Structures are given as structure tokens and as C-alpha cells.
Amino acid sequence: MRFRSGLFITAIALLGVVPGSAQAARLLGPDDGVTATRGGDTVDVRFTPAALAAAHLKAGQDVTIECAVEPPPPALALALTVGDDEGGRSPTSGRAALGADGVVHVPLSADSTNGVPRPVGAVDGCTVERLRRIDPSFEETVPVARVALTPNGDVWLERAAVAAALSALLTEAHGANGYRPASALSGVVALASADATPPVAGPLGYWTDGRRATVATLGKAGNRFVLQDLGDGMLRVNAGPIVVADNDEFLGGIELLDATKDADEGKLRYREDRAQQPGDGVRAALHGGRLVVRFTGRSASAFRAIAGRRVAALCFARPPAFVFPDLSSSAERSGVARVPRRGGRVVIPLSGHAKTDACLIVDDGVGVAVAAPTAAGLRWARDALAVTVLLAAEPSASKLAAPGGQAYRQTADAVKRLGRQTVAMAGSGGPAPIGRIGVWTDGARRAVLATRSASGRVITLADEGEGMVQTNLLGELDNLWWLQELAGPSFGGSSEGGGAGTL
């Protein structure tokens with residue numbers, strides 16, 4: 001997967017979210033009987049008999065660990081300096097067999113840089129994984145536990161466990177018709193308001209008005225952890241990493257992206273670095289079980305590139321605006337057809353009768369076009385394109401920080417440093433521009449990055465201070481974007497001239 005944007009990586013590292021991935025089971029920790037100590041370049045991980053059973057481990061089975069430095073959360077959430085490797089951390093790993101006494105002695109090895117071995121340095125915490133053999137030539141790792149080695153690791157461990165519990169509760173509480181009342185959930189404390197917190201550390205509190213919801217708990221140090229659905233897909237959180245809902249069903253038909261591979265003679269002729277959009281002239285309609293796509297305007301060149309070739313369509317209904325959308329209810333439709341040699345029009349028969357709002361047209365595993373045959377699908381495509389605008393800030397978001405990293409630069413200075421595609425906003429509430437990124441800071445600990453889609457929806461990433469982040473980047477809006485990323489060419493293109501913001 002390619003991440004073209006420093007800001008995108010910042011958003012992902014900030015919330016610890018991997019959109020489109022399956023929700024992992026709850027990982028074991030010290031309270032479950034898994035502890036660890038470090039001696040030199042070896043980490044000893046100890047499992048109680050109950051923990052071994054819960055982790056599905058037995059003596060002689062290989063275990064791996066992935067360890068890293070886990071610094072406290074930064075003062076400025078939107079000014080992280082991160083890279084492709086989970087926030088720029090240098091991981092340390094190891095593998096060893098579990099002993100009969102429930103202890104695994106894992107020698108650590110630091111990842112090399114440019115082929116040059118590095119010494120094992122400081123690490124704060126580790127994720128423990130068991131190995132599962134899929135076939136004689138392939139095995140996969142299954143995370144089973146997290147362990148801390150330092151006080152910073154203890155903080156990381158608590159935040160990770162709390163975040164997993166909060167996100168699981170919020171997901172469980174959400175039903176087809178909104179949020180269920182607290183009386184319908186077990187083991188939660190009913191909160192009197194969205195700003196309330198359980199009186200003691202440990203229990204999870206829950207409040208809802210049916211459309212919005214808050215889950216909160218007190219940490220060991222008396223700090224309040226909170227995860228809120230503010231409605232319309234807006235997430236507010238000060239705990240991470242957040243675990244998203246299971247999106248396997250949404251991407252369950254991803255193999256269709258390769259359905260036309262090697263089916264045509266000659267090499268793929270589509271060479272654009274992005275899928276064509278409705279704003280480029282891609283028009284679509286449904287006629288019974290057939291998807292009719294016309295390539296007009298700027299998109300006509302895409303038709304010429306795929307003329308005579310077999311293409312696939314992968315179609316979905318737009319999911320509800322929920323921070324962790326249940327994409328398993330978004331039944332997919334698909335189909336394959338050969339494109340005529342001329343005429344600018346292709347008809348693709350679709351399977352099933354599910355609602356169809358947007359389709360990705362794919363040739364040889366490469367996304368060629370987004371077809372939106374309904375008004376909801378057109379808004380979805382426009383909103384997904386706006387997500388791309390916000391994520392396409394090529395300059396590092398670290399440029400938002402003033403020297404010392406304890407405060408944001410003033411708005412005008414931040415805009416100047418972030419580049420031409422950014423504009424200053426009058427305040428934290430915008431107004432956000434279409435096709436460009438609006439920036440606002442208070443010159444202290446608060447900052448907002450926002451854009452507005454052609455449908456009018458505002459896409460926001462905001463640091464409210466004190467570790468609280470508000471965003472709608474990672475809900476239902478980004479799923480169409482992710483699907484296109486999986487299909488090859490980077491989706492969205494430039495925001496300048498005929499790229500993003502043209503819908």
C-alpha cells in the first residue's frame with residue numbers, strides 16, 4: 001500500500017487506525033497473566049497457564065515479539081514527525097520457542113538500515129505474536145498479547161487496552177437504528193451526560209441520545225479517557241490506538257480487482273496515476289441489472305485506453321455515516337464485460353440486486369474510473385475526493401509546530417510553510433475551502449485542518465488540545481478512497497487543475 005501523504009500517515013499514526021482491516025481480538029496483558037522483563041538483548045515473556053490457554057499457545061511453539069520505543073503522547077497531535085514505519089519508530093524483533101515453564105526467552109534483533117546492522121537500543125513495549133502455519137511454505141503471525149518493559153511502556157499499555165475496550169463498546173452499542181440504551185448493554189455504567197465519567201477507575205461509562213454516543217473511563221492516574229461519536233461520522237477521542245470495525249466484507253470482493261488480469265492480449269494501456277472521477281466526465285446509470293458507464297470530457301482518454309479490453313466493476317452501497325461503519329451490511333455487486341472499441345460507453349451486467357451507489361471500474365487490477373449511478377453515490381465520490389484533498393498535504397504536518405514543538409505556529413505562518421494548496425481559515429469553524437486545505441491555529445495547542453467537498457460536506461482533522469482529536473477522516477468517508485488505493489493508481493491526483501476538487 002502506498003502512502004503519498006505525510007499528513008495521511010500522521011492521521012493514521014495519531015489514531016492508530018488501519019482502515020479496511022479486520023478488528024483484532026482483545027490482546028492479553030499483565031492482568032491476564034502475561035508479563036515481561038528485559039535482560040540485555042533478551043526479553044523474557046512469562047505466561048500463566050490460564051494465559052497460555054487464552055493465547056492458544058503450547059510448549060515448543062514459536063513466538064515472535066515486535067518491540068518499539070513508546071514515547072508519551074506529544075503535546076501537539078497534528079505535528080507528529082512520522083514515517084512509513086508506524087510513526088517513524090525503529091522496530092526491534094525476535095523469535096523463540098515457548099518453554100515448558102510458560103516462559104519464552106526471546107533474543108532481540110534491531111532492524112538493519114541499508115543492510116547495516118544496528119545495535120539493540122531502548123524499547124518500552126512489545127507485541128507478542130504466535131505463529132500459525134498456513135501451508136508448508138507460509139506462516140502468519142497472530143497478535144496475542146502486549147507487554148511493557150518501562151514506565152513509558154506502562155502508559156502505552158494502559159492507553160492501548162483502554163482504547164480497545166472503548167472502541168469495542170462503542171461498536172457493540174451501535175445497532176441498525178442507532179445506539180442502544182445503556183440498559184441493553186451489560187457491564188457498563190450509565191452516564192448522565194456526554195461529559196460525565198465513571199466515579200472510579202476501571203469501569204466503562206456509556207451515554208447516548210440514540211444518534212450520538214460517548215464511552216469513557218478513568219485511567220489509573222485519574223485521567224479521563226473518552227471516545228465519542230458526535231454524529232455524521234465525526235469521531236472525538238483522546239485514547240489510542242483505536243481499533244476499527246471489521247471491514248472484511250467491504251473488501252471481500254477485492255479479488256475481482258484482478259479478475260481481468262492476463263485476460264487481454266497486450267500490456268495495460270491505462271497510464272494515469274489516478275482513477276477517473278465523475279468530475280472528469282464519468283457518467284453512470286443503472287438499467288435493471290446493468291451498469292451503464294459513459295466516458296465523456298476529460299475521461300474520454302481513459303475509454304480509449306481500455307477499448308477492447310475486459311474490465312471488472314466492483315460496486316457498493318454507501319454505508320451509514322458512523323465512525324466505525326458496519327460494512328458487512330453493504331452488500332456488494334460485481335460484473336465483468338468487454339469494452340467496445342469505440343463509442344465511449346460500456347455496459348456491465350451486475351450480479352445480485354443489492355443497492356448500488358458507487359462502482360470501481362478496474363482493468364488488470366488497476367482502478368480506471370469511479371462510476372456513481374445514484375445521487376448518494378455521487379455525493380460519496382465527491383466526499384471521498386475531499387478526503388484525498390485533506391490527505392494530500394505533501395509537506396510534513398510537522399511544519400505546523402513552532403520551534404520547540406510545544407505550540408503551533410500562528411495561522412499565517414503555518415499556511416506559508418505548508419504550501420500553495422493551503423489557505424487560512426478565519427477560525428476553528430472555517431469556512432473550509434473546496435479543493436484546498438484550510439488551516440487555523442490559536443498559536444498555542446489547538447489547530448484545525450479542513451476541506452469541503454463539492455457536495456458541501458466538511459472534512460476535518462482537529463487538535464482540541466490536551467490530547468483530544470476530532471475527525472471524520474476515518475469513518476465511512478474514506479472507504480471508497482481505500483478501495484481505490486488497493487486498486488493501483490493513487491486516487492485523487494493533484495488539487496491543482498483537473499485533479500482533486502473538480503467534481
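Since we're looking at a predicted model, the values are computed, not measured.
Looking only at side-chain heavy atoms (C-beta outward), Arg46 and Thr37 come within less than 4.5 Å of each other. Within the 4.5 Å cutoff, side-chain heavy atoms of Leu191 are placed close to those of Pro198. With contacts defined as side-chain heavy-atom distances shorter than 4.5 Å, the pair Leu149/Val123 qualifies. With a 4.5 Å cut-off on side-chain heavy atoms, Gln228 and Met234 do not count as touching. Looking only at side-chain heavy atoms (C-beta outward), Val370 and Leu360 come within less than 4.5 Å of each other. Proximity of Arg212 to Tyr179: side-chain heavy atoms (C-beta onward) are nowhere separated by under 4.5 Å.
Counting only distance, with no hydrogens or angles, the side chain of Arg452 and the backbone of Ala432 share a donor-acceptor pair below 3.5 Å. Using modelled atom types, no side-chain atom of Tyr408 and backbone atom of Ala414 make a donor-acceptor pair closer than 3.5 Å. Checked by atom type and distance alone, the side chain of Thr460 never pairs as donor or acceptor with a backbone atom of Ala462 at under 3.5 Å. Between the side chain of Glu158 and the backbone N or O of Gly219, no donor-acceptor pair lies under 3.5 Å. A donor-acceptor pair is defined here as one N or O able to donate and one able to accept, closer than 3.5 Å; no such pair exists between the side chain of Asp232 and the backbone of Arg457. Within the 3.5 Å criterion, the main-chain N or O of Ala444 finds a donor-acceptor partner in the side chain of Asp442. Put simply, the side chain of Arg130 gets close to the backbone of Ala55: a donor and an acceptor are under 3.5 Å apart. With hydrogens and angles disregarded, a donor-acceptor distance shorter than 3.5 Å links the side chain of Arg38 to the backbone of Gly40. Without hydrogens or angle criteria, Arg146 side chain to Gly29 main chain gives no donor-acceptor distance under 3.5 Å. Judged by distance alone, with hydrogens and angles left aside, the side-chain atoms of Thr217 form no donor-acceptor pair with the main-chain N or O of Phe225 at under 3.5 Å.
A side-chain contact (heavy atoms from CB on, under 4.5 Å) with Arg95 is found for one member of Val63, Thr141, Leu131 and no other, namely Leu131. A side-chain contact (heavy atoms from CB on, under 4.5 Å) with Leu418 is found for exactly one of Val439, Ile437, Asp413, namely Val439. The only member of Thr64, Leu157, Val147 that meets side-chain contact (heavy atoms from CB on, under 4.5 Å) when paired with Cys126 is Val147.
Rounding to the nearest 0.5 angstrom, the gap separating the CG atom in Asp124 from the OG1 atom in Thr150 is 3.5 Å. A distance of 10.5 Å separates CD of Glu129 from CD of Glu140, quoted to the nearest 0.5 Å. Once rounded to the nearest 0.5 Å, the distance linking CG of Leu218 with CZ of Arg224 reads 8.5 Å. Leu185 contributes atom CG, which lies 5.5 Å from atom CD of Glu172 (distance to the nearest 0.5 angstrom). To the nearest 0.5 angstrom, Asn223 atom CG is 8.0 Å from Asn238 atom CG. The CD1 atom of Ile65 lies 9.5 Å from the OG1 atom of Thr127; values are rounded to the nearest 0.5 Å.
Between the side chains of Thr214 and Arg236, no donor-acceptor pair is found at a separation under 3.5 Å.
Considering every non-hydrogen atom in both Gly94 and Val106, the closest pair reads C-CG1, 3.3 Å. When all heavy atoms of Ala386 and Ile459 are compared, the pair lying nearest together is CB-CG1, 3.8 Å. Across Met425 and Gly438, no two heavy atoms sit closer than the pair CG-CA, 3.6 Å.
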For side chain to side chain donor-acceptor pair (under 3.5 Å), just list the numbers for Ser453 and Arg379, CA-CA rounded to whole Å, side-chain angles, deciding distance to a tenth of an Å, and then say yes or no. CA-CA 9 Å; Ser453 81; Arg379 290 193 299 272; over 6 Å; no
